[in-house]
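Read the structure below first, then the notes.
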Amino acid sequence: MPPTIIENADLRRLNTFAVPARAARLVELDETAGASEALAACAGHGPMMVLGAGSNVLFTRDFEGSILRVRTCGRRIVSASGDEVVVEAQAGESWDGFVRWTLAGALFGLENLSLIPGCVGASPIQNIGAYGVEMCEFFDSLEAIDLDTGAQRRFDAPQCGFAYRDSVFKHGQAARWLILGVRFRLSRTARPRFDYAELRGELARSGVAHPSPDQIARCVVAIRSSKLPDPALLGNAGSFFKNPIVDLPRAKELIDRHPGMPNWPASQGIKLSAAWMIDRCGLKGAREGDAGVHDRHALVLVNHGSARGCDIWALAMRVRDAVHQRFGIVLEPEPTIV
Ligand SMILES: Cc1cc2nc3c(=O)[nH]c(=O)nc-3n(C[C@H](O)[C@H](O)[C@H](O)COP(=O)(O)OP(=O)(O)OC[C@H]3O[C@@H](n4cnc5c(N)ncnc54)[C@H](O)[C@@H]3O)c2cc1C
């Protein structure tokens with residue numbers, strides 16, 4: 001099936017902030033085999049950008065080039081050896097649908113990552129994570145095509161450079177890849193992970209001492225549904241800022257100066273809570289026109305209705321400046337800013 005091409009495309013329904021924006025050209029890829037044709041349809045029409053479900057992107061303006069929207073579907077078991085099963089999903093598969101498919105097949109590992117919006121193809125970009133688990137822990141490899149040359153290549157985990165909400169695909173030349181499909185290494189043996197305080201607490205309240213992966217998934221879904229605004233009702237992209245990671249001396253100094261500051265050990269230092277800092281700056285629930293900071297979750301910026309991307313961005317800069325002034329920390333946005 002040839003890719004669908006739409007000129008002067010409306011992007012409002014293609015981003016979960018639901019901000020108005022247009023793309024000079026939108027090319028929709030429905031079959032992996034059509035990737036080269038889709039790239040050819042984008043070429044020569046200005047800059048190129050890949051879009052999945054638009055749940056981690058903020059359009060602050062129109063895009064004067066081609067957006068390649070990935071809608072390819074398909075998932076399968078690639079190989080099984082003893083306890084370990086390698087599964088693969090095409091980039092346009094819904095992430096949550098894929099997680100549910102793995103659990104229905106009694107393949108375990110991804111249960112803590114239930115209900116994260118977006119597509120499988122975007123999951124390696126920022127190494128999605130939630131409730132004490134990161135995607136990279138179960139990642140096997142991915143297949144990608146170079147947007148400029150059309151050359152296809154497989155990346156293993158070290159080549160992806162995964163870190164906290166980060167990978168090589170977020171930076172420089174490596175951002176020039178269209179991810180076509182991702183493989184994960186899952187287990188037939190359940191190894192439930194519920195060391196994350198909120199998850200542990202919720203399971204304890206439900207009287208579950210030894211949760212199954214399905215119970216963990218249900219608990220994660222319940223927590224997320226009660227805590228995070230549904231983008232279908234209130235435009236947002238989940239956490240707008242990454243939690244900052246600082247070295248130990250800096251963390252000690254900050255904690256001495258701001259007693260009660262939440263902190264956790266992280267692989268590269270000490271992770272601090274961006275939400276706590278934003279709250280301490282008095283910005284939880286702040287609103288400028290229709291751009292707002294969510295009133296129950298300070299890390300989530302929202303569109304109350306008619307905010308434009310530049311309004312959300314202006315509010316984000318106000319939040320960043322306030323946190324910098326009070327804590328000396330520069331918050332880094334998590335979504336892709338266009
Ligand atoms: C309510 C809510 C809760 C969220 N909770 C979490 C959470 O708990 N943890 C978390 O990590 N994230 C979370 N997110 C962020 C988001 O769901 C993830 O980042 C998700 O992986 C984005 O997928 P997407 O398909 O929507 O990507 P998009 O928003 O379409 O794209 C994001 C970036 O990935 C690139 N990209 C997308 N697909 C491809 C591809 N096939 N090849 C190459 N590049 C590609 C885009 O160019 C862009 O730079 C949340 C978002 C929302 C709205």
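Indexing begins at 1, ligand by ligand and atom by atom, following the structure's order.
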* To do: Please lay out, stage by stage, how D166 and K242 fare under the test side chain to side chain contact (heavy atoms under 4.5 Å, CB included).
  => CA-CA 10 Å; D166 204 13; K242 292 185 187 183; 4.2 Å; yes

* Protein heavy-atom partner closest to atom 23 (O) of ligand 1 - residue, atom, separation in Å -> A122 CB, 3.2 Å

* Aromatic ring proximity W95/F184, centre distance under 6.0 Å -> yes

* Closest approach of any protein heavy atom to atom 36 (N) of ligand 1, naming residue and atom -> I125 CG1, 4.0 Å

* Before giving the answer on side chain to side chain contact (heavy atoms under 4.5 Å, CB included), spell out for Q90 and V120 the whole-Å C-alpha distance, their side-chain angles and the decisive distance to 0.1 Å. => CA-CA 7 Å; Q90 298 304 301; V120 169; over 6 Å; no

* Do Y164 and S267 have side chains that get closer than 4.5 Å, going by heavy atoms? -> no

* Polar-atom distance check: N56 versus ligand 1, any N or O pair below 3.5 Å? -> yes

* N or O contact, V50 vs ligand 1, cut-off under 3.5 Å -> yes

* To do: Examine the proximity of ligand 1 to R165 and report which part, side chain or backbone, both or neither, has a heavy atom under 4.0 Å away.
  => side chain

* For G118, atoms of ligand 1 separated by under 4.0 Å from a heavy atom -> 23 (O), 24 (P), 25 (O), 26 (O)

* **Nearest protein heavy atom with distance in Å, relative to atom 13 (C) of ligand 1** => I116 CG2, 3.8 Å

* Structure fact -> Tested for side-chain contact (heavy atoms from CB on, under 4.5 Å) against L26, the lone hit among D10, N8, I6, T4 is I6

* **Residue C119 vicinity, atoms of ligand 1 by number, heavy atom under 4.0 Å** => 23 (O), 24 (P), 25 (O)

* Return the option from A91, G54, S55 holding the heavy atom at the smallest distance from atom 22 (C) of ligand 1. => S55

* Among all protein heavy atoms, pick out the one at the shortest distance from atom 20 (C) of ligand 1; state its residue, atom name and that distance to 0.1 Å. => P117 O, 3.5 Å

* Asked: With only distance considered, is T336 within less than 3.5 Å of ligand 1 through an N or O on each side?
  -> yes

* Pick whichever of D230, L14, N236 has a heavy atom sitting closest to atom 1 (C) of ligand 1. => N236

* Does any N or O atom in G52 lie less than 3.5 angstrom from one in ligand 1, N or O only? -> yes

* So F139 and F162, would you call those rings parallel, tilted or perpendicular, with 30° and 60° as cut-offs? -> perpendicular

* Asked: Any N or O on I128 sitting closer than 3.5 Å to an N or O of ligand 1?
  -> no

* By number and element, which atoms of ligand 1 are closer than 4.0 Å to a non-hydrogen atom of G121? -> 39 (C), 40 (C), 41 (N)

* Asked: Taking only heavy atoms of G238, which atoms of ligand 1 are found under 4.0 Å from at least one of them?
  -> 2 (C), 3 (C), 4 (C), 50 (C), 51 (C), 52 (C), 53 (C)

* Asked: Which protein heavy atom lies closest to atom 12 (N) of ligand 1, and at what distance to 0.1 Å?
  -> Q126 NE2, 3.1 Å

* Asked: In terms of atom number and element, which parts of ligand 1 are under 4.0 angstrom from non-hydrogen atoms of A130?
  -> 8 (O)

* Among all protein heavy atoms, pick out the one at the shortest distance from atom 8 (O) of ligand 1; state its residue, atom name and that distance to 0.1 Å. => R224 NH1, 2.9 Å

* Structure fact -> ligand 1 atoms nearer than 4.0 angstrom to some heavy atom of G129 are 7 (C), 8 (O), 9 (N), 10 (C), 11 (O)

